[in-house]
Amino acid sequence: MRTIEDLDVSGKRVFVRADLNVPVDGDRITDDGRIRAALPTITELRERGARVIVAAHLGRPKGAPDPRYSLRPVAARLGELLGTEVAFATDTAGESARATSAALADGEVALLENVRFEPGETSKDDAERGELADRFAQLADLYVGDAFGAVHRRHASVYDLPGRLPHAVGGLVLTEVEVLRKLTADPQRPYAVVLGGSKVSDKLGVIDNLLGTADRLLIGGGMVFTFLKAQGYEVGSSLLEADQLDTVRGYLERAEREGVEIVLPVDVVAAEKFAADAPHAEVGVDAIPADRMGLDIGPRSRVLFAEKLADARTVFWNGPMGVFEMEPYAGGTRALAQALIDSDAFTVVGGGDSAAAVRALGFDEASFGHISTGGGASLEYLEGKDLPGIDALA
Ligand SMILES: Nc1ncnc2c1ncn2[C@@H]1O[C@H](COP(=O)(O)OP(=O)(O)O)[C@@H](O)[C@H]1O
Ligand SMILES: O=C(OP(=O)(O)O)[C@H](O)COP(=O)(O)O
């Protein structure tokens, strides 16, 4: 795979696909970790005289412009961090994108509007993605793939575009893969994987493969309720993937057969609604009221999870244990982060929100072995799956 050192970038327009999918509250960026992680590649390209066109997604808009998902605030923050103006194209691959990229001088940077405003970006149809990739290709001379958090997505700007331009892999992707390789090659055991968060349908599938590699699987966050329901508990109005219950029962049986320990919470914090000021209480998993939703793991579960991590030698964690953005439901995630720090294990925290949680709750990033910018991407890498955004760079 070519790296950016192998490209002659001086005076060239370089399309950099980055993962700038940061958490936002209105137009305020609540954690800029992914923007910071994108800086080294952009800075090196600028210093070598490239005209840098950055492309990225924010959230999951439905293939049309939606002001809630505009990257404009990200352009401003990127400019602050780079210490230079970042031009912002108000469309993704249209008139503004063409004019903005054409106006760049050597060493200057532009950011395109959210690539997911174009239906072709995430389309399952090769031709539709290809049509968008063709338009992207007209904006630039070279392509750099540096969006580690999105390399598991077969999307136009990640997968189809590199085949249309001379390309190279970015330094962030290289660093991430180097660390994660340690976890696939020969992890020190016991090897524990902690899964949580809200992208439940996306991430349930990885469990099948993790049962073959991990010694212990701890389940928290929104993932919990499909497991509890599969075991016969009522979960009220909690996040539930009702069509995955049989799959999850299959995982539980297989884990039992193969001696992999699946650790589930024994209590949760159940709230009347998804709000920080909602009435809430700690309840056993056998007593979740029908009109309440589980928004965090409970105190007994926090102790249990810490015990299960204490003697681990390797831990991979993706997905917050609860809705950490609201203080009443942050305790589980805080306790889990502390348990990783207290263990002697090599610890990897992956995922946009998991990394943001660790920082928001005041932990020192240096207390962890590695903080990865990719959650789903790391998990698919650990599964040994082909990652479209890396394969396309070969
Ligand atoms: N019990 C829960 N119910 C609903 N959402 C939850 C629950 N636990 C955690 N979450 C949410 O999960 C989100 C992060 O999930 P996800 O995107 O899968 O993680 P990551 O970005 O780290 O890969 C957070 O915004 C958090 O509020
Ligand atoms: O936030 C991301 O992934 P993550 O939540 O698994 O870390 C990436 O930006 C990918 O976003 P997507 O899961 O909407 O494709």
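Below, each value reflects all heavy atoms present in this structure, side chains not excepted, and no hydrogens, waters or symmetry copies.
Just one of Arg51, Arg48, Lys12, Arg46 meets the side chain to side chain donor-acceptor pair (under 3.5 Å) condition when paired with Asp106; it is Arg51.
Arg302 has a carboxylate O that lies under 4.0 Å from a charged side-chain N of Asp296, or vice versa, which qualifies the two as a salt bridge. Under the 4.0 Å criterion applied to side-chain N and carboxylate O atoms, Arg135 and Glu131 are assigned as salt-bridge partners. Electrostatic pairing of Asp202 and Arg153 counts as a salt bridge here, judged by a charged N lying under 4.0 Å from a carboxylate O. The existence of a salt bridge linking Arg216 and Asp311 is confirmed by a sub-4.0 Å separation between a basic side-chain nitrogen and an acidic carboxylate oxygen.
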Set out, in order, the CA-CA distance, both residues' side-chain angles and the distance that settles ring pair (Phe, Tyr, Trp, His ring centres under 6.0 Å) for Tyr329 and Phe324, then state yes or no. CA-CA 5 Å; Tyr329 320 115; Phe324 73 93; over 10 Å; no
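Taking the six-membered ring for Trp and thresholds of 30 and 60 degrees, Tyr143 and Phe15 have nearly parallel ring planes, at less than 30 degrees apart.
Residues Met1 and Ile4 do not share a hydrophobic cluster, clusters being chains of Ile/Leu/Val/Met/Phe/Trp/Tyr side chains in contact below 4.5 Å.
The cationic atom of Arg72 (NZ for Lys, CZ for Arg) does not lie both less than 6.0 Å from the six-membered ring centre of Phe88 and within 45° of the ring axis.
Residues Arg60 and Arg116 meet the side-chain proximity criterion, which asks for heavy atoms closer than 4.5 Å. Counting heavy atoms from C-beta on, the side chains of Val268 and Val285 come closer than 4.5 Å.
No side-chain donor from either of Ser378 and Glu176 sits under 3.5 Å from a side-chain acceptor of the other.
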